[in-house]
A.B. asks: 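Okay, handing you the structure first.
These numbers come from the heavy atoms of this one structure, side chains and all, not from hydrogens, waters or symmetry mates. All figures in this text were calculated on a predicted structure; none of them were measured in a lab. So that the names make sense, note that chain A is the first sequence line, chain B the second, and so on, each numbered from 1.
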Protein chains: 2
Amino acid sequence: MANATLKKIAQVLEISVSTVSRALKDHPDISAGTKQKVMELAETLEYEPNAVAVNLRSKSTKVFGVMIPSITNNFYDSFVNAVEEEVKKAGYSLMILQSGDDPVTEIDNLKIYRQNRVSGVFVCLSKETTKIDAFDKMKDAEIPVVFFDKVPDDNAYDRVCLADKDAAEMAAEALLQKQKKNILAIFGNTQLSITKRRLEAFKESMKQNTAVNVSYEFAGNSEEADNIAQRYFQLKQMPDAVFCMSDEILVGLMKCVQQLHIKVPSQTGIIALSDGYFPKIYYPEITYVETSGYRLGKLACERMMECLKGKEETTELFVSSRFVEGGSL
Amino acid sequence: MANATLKKIAQVLEISVSTVSRALKDHPDISAGTKQKVMELAETLEYEPNAVAVNLRSKSTKVFGVMIPSITNNFYDSFVNAVEEEVKKAGYSLMILQSGDDPVTEIDNLKIYRQNRVSGVFVCLSKETTKIDAFDKMKDAEIPVVFFDKVPDDNAYDRVCLADKDAAEMAAEALLQKQKKNILAIFGNTQLSITKRRLEAFKESMKQNTAVNVSYEFAGNSEEADNIAQRYFQLKQMPDAVFCMSDEILVGLMKCVQQLHIKVPSQTGIIALSDGYFPKIYYPEITYVETSGYRLGKLACERMMECLKGKEETTELFVSSRFVEGGSL
DNA sequence: ATTATTTTCGCAATCGTTTGCGGGTTTGAA
DNA sequence: TTCAAACCCGCAAACGATTGCGAAAATAAT
């Protein structure tokens, strides 16, 4: 007998619905005998509370929204993985929606979250998003929003980010340490604030040593990174090191490395910013500065939980970076 | 004024809740004038129907569950991606839960789905799952379940699968076609039915030519595949071709190929079963038989929609395979 | 002018659960 | 024996939206 309700139990036992409800919650008002009977019948009837009704009554769902540009992306995966793991402990589930990097879809998705009365939303902005006033509606609806990775500039929002500045600096330092003189640095889409931050920090670090020649290039995807690398490695004067801002770029570079049979690290050194999966699939393993989606997810959860119990002012939090030695530099 | 309800609108306009409800739905019973006023006020109050209340009333949510072992897996990603894309068109959202390959978590998750009254569930069984009677409860609750990828043997369930048999055969044929004589075939966990199916079909195809020597090996992850490959490629008599049952195995093999500087395809040929992403990150690109998570997702959705409008008997459906030429064989 | 019809809207129940309040019954104390 | 205090339990409202049914008001038909 599936879909048993309090009412059914009450009818069978010829008691009231409220008594059944309280008995199942071990309320002191109810006698041991009644509790016994109710619990047993609930068991045999396989009673399971209707979460929808509970949500309506309590005016809150045990669901968080997660909006990402695309789910087929290693970095977001680890983020979502961490979040799912973490919120499950508190009895929450996840409603995942993809924006497809489309601002219109993004707004539609917010509406879905509002209508479903989610308890909070984790958002990674789409590449194309410029105006973020749509998110003010979430505030009106009293649904906390924690931005991650691609976050708005506005200090009025809660944000958790990778320590892009630190990470880029660490990578730059490592390159200088190794006495590299002719560096190819490949970055992603310049529109993104993440690119800006990493680029700026990298450039700043490079200023330390003016004897170093750095070529800055930008690739929107792996294929473009591959093409750029092809150009540079066919020059008479090959780069003696390559910096990759992301996994996407690293993958493109490595395809070129394989094609041209470039010896790593003897002919050229490689360092990347990465979540950690891709660096380990190559030989030698790539030296990288970890920008962990997983840890970002954990941090985002912490912040979300704080928001749920009366948030104070908004903050911007960072996940620290970690240098991971491979054999590529 | 967020969180407006029908009641608030009704109070302001001094009309009944039912009239407001009907006006917003353009019900013929309501006069044009009233509709006008209601619509306008709803607009300015930014009224948005409470999905939770609607769900309770209608006894159905516009949410599907998706349960996978882990979200950090390319194949499942493409599956989820396809499903999300597809069901969004029909106004559905996704509730994603990971089983972590743990049967107990799997059962807990089913409970969550039941309590949340999802409209249906897509399930990929965990590696460890042996008993599937827990899924009968879903039938009692009248929640359709569509299994995908790792599915139960029982014909009593709806299943969509990759055409594993076809795919393995196509790969085997390709190897024979290329006159390979000393083949290393690496498969995954033998517990999994997917492994069994692929292995069986591969072996069957290989019987055609008894002059071919095939070594069968099994790897639970990339590292094991790497180790196996290391062993074989340090033999005097190197394999002249390698078959990889999955991306995981391909990645392990390729690390070995890079380390030992094995020339592909001149020294050894490679063919894999894959979703398509990983084969393209190597040079030369790997020849593979496509086992598309994306197309599997689309197929699963089709089946789910049929289930929703009175399913007939259960079926097992397959996604066809496609041979994709790379430069590795 | 009276009856019939249409237009327009409200009442109340429903989905399943929770909870404040009040009332009846039993037990104990005076 | 009587009054008070526990002890149990049910009534009813609430969450927000939907809908069958009935009724009042307005219009049309006779």
Side-chain angles (χ1 to χ4, degrees), chain A residues 1-39 41-42 45-63 91 114-119 141-143, chain B residues 1-39 41-42 45-63 91 114-119 141-143:
Chain A
M1 179 56 70
N3 288 335
T5 66
L6 293 184
K7 193 196 264 186
K8 281 187 193 167
I9 297 182
Q11 283 170 345
V12 174
L13 260 33
E14 293 184 317
I15 55 178
S16 76
V17 174
S18 24
T19 301
V20 177
S21 173
R22 280 189 261 252
L24 289 173
K25 305 196 114 54
D26 204 26
H27 193 285
D29 266 11
I30 308 301
S31 71
T34 307
K35 279 180 189 167
Q36 174 82 5
K37 280 187 288 183
V38 171
M39 302 259 200
L41 186 57
L45 254 43
E46 295 184 326
Y47 168 77
E48 288 180 341
N50 183 327
V52 179
V54 174
N55 292 340
L56 177 59
R57 179 83 227 274
S58 65
K59 294 187 120 192
S60 90
T61 61
K62 285 289 208 174
V63 175
R114 263 181 273 122
Q115 297 193 351
N116 280 87
R117 302 298 193 267
V118 296
S119 298
E142 291 179 332
I143 298 178
Chain B
M1 177 57 66
N3 288 337
T5 64
L6 293 185
K7 192 197 262 184
K8 282 188 193 166
I9 297 180
Q11 283 169 347
V12 175
L13 260 35
E14 293 183 318
I15 56 178
S16 78
V17 174
S18 25
T19 302
V20 176
S21 173
R22 282 189 258 252
L24 289 173
K25 304 196 115 53
D26 203 27
H27 192 286
D29 268 10
I30 310 300
S31 71
T34 307
K35 279 180 189 169
Q36 174 83 7
K37 280 187 289 184
V38 171
M39 303 257 201
L41 186 58
L45 253 43
E46 294 184 330
Y47 168 78
E48 289 182 341
N50 183 327
V52 179
V54 174
N55 291 341
L56 178 60
R57 179 89 226 279
S58 65
K59 296 187 122 193
S60 91
T61 61
K62 283 290 208 176
V63 175
R114 262 180 274 122
Q115 298 193 353
N116 280 85
R117 302 297 193 267
V118 296
S119 299
E142 291 179 332
I143 298 177

A.B. asks: Which part of the nucleic acid, if any, lies within contact of Thr34(B), taking any heavy atom under 4.0 Å across all strands shown: a base, the sugar-phosphate backbone alone, or nothing?
C.D. replies: sugar-phosphate
A.B. asks: Using Watson-Crick and G-U wobble pairs with both distances under 3.5 Å, what is the 5'-to-3' dot-bracket string of DNA chain D, with [ ] for crossing pairs and | for pairs outside the strand?
C.D. replies: ||||||||||||||||||||||||||..||
A.B. asks: Quick one, Leu13(A) and Leu41(A) - any side-chain contact, counting heavy atoms below 4.5 Å?
C.D. replies: yes
A.B. asks: Lys8(B) NZ to dC15(D) P: how many Å, rounded?
C.D. replies: 10 Å
A.B. asks: If I take atom CD1 from residue Ile30(B) and atom CG from residue Leu24(B), how far apart are they, to the nearest 0.5 angstrom?
C.D. replies: 10.0 Å
A.B. asks: Send over the distance from Gln36(B) CD to dT8(C) P, rounded to a whole Å.
C.D. replies: 14 Å
A.B. asks: What string of B, S and - do you get for nucleotides 17-26 of chain D, 5' to 3', when a contact is any protein heavy atom under 4.0 Å?
C.D. replies: BBBB------
A.B. asks: Looking at residues at least two apart in the chain, or sitting in another chain, which of them share a side chain to side chain donor-acceptor pair (under 3.5 Å) with Ser18(B)?
C.D. replies: Ser16(B)
A.B. asks: Between dC9(D), dG10(C), dC9(C), which nucleotide gets closest to the side-chain atoms of Ile30(A)?
C.D. replies: dC9(D)
A.B. asks: To the nearest 0.5 Å, what is the distance between OG1 (Thr34(A)) and CE (Met39(A))?
C.D. replies: 11.0 Å
A.B. asks: Check side chain to side chain donor-acceptor pair (under 3.5 Å) between Lys62(B) and all other residues, then give those that pass, not counting sequence neighbours.
C.D. replies: none
A.B. asks: How would you list, by chain and number, every residue that makes a side chain to side chain donor-acceptor pair (under 3.5 Å) with Gln36(B), sequence neighbours excluded?
C.D. replies: Glu40(B)
A.B. asks: Quickly work out the Arg114(A) CZ to dG16(D) P distance and round it to whole Å.
C.D. replies: 17 Å
A.B. asks: Considering just the side-chain nitrogens and oxygens of Lys59(A), establish if one lies under 4.0 Å of OP1 or OP2 belonging to dG16(D).
C.D. replies: yes
A.B. asks: Please report, rounded to the nearest Å, how far the P atom of dC7(D) is from the CD1 atom of Ile15(A).
C.D. replies: 20 Å
A.B. asks: With side-chain hydrogen bond (donor to acceptor under 3.5 Å, both in side chains) as the rule and sequence neighbours excluded, what pairs involving residues 48-59 of chain B come up?
C.D. replies: Arg114(A)-Glu48(B)
A.B. asks: Find the distance His27(A):NE2 to dT17(C):P and express it as a whole number of Å.
C.D. replies: 17 Å
A.B. asks: Nearest 0.5 Å, please: how far is CG in Asn3(B) from CG in Leu45(B)?
C.D. replies: 10.5 Å
A.B. asks: Reckon Ser31(B) has a side-chain N or O less than 4.0 Å from the OP1 or OP2 of dC9(C)?
C.D. replies: yes
A.B. asks: Nearest-Å distance, NZ (Lys37(B)) to P (dT8(C))?
C.D. replies: 13 Å
A.B. asks: Take the protein atom CG of Leu56(A) and the nucleotide atom P of dA13(D), then report the distance between them rounded to whole Å.
C.D. replies: 17 Å
A.B. asks: For Val20(A), run the side chain to side chain contact (heavy atoms under 4.5 Å, CB included) check against Val12(A), Ile9(A), Thr5(A) and tell me which one passes.
C.D. replies: Ile9(A)
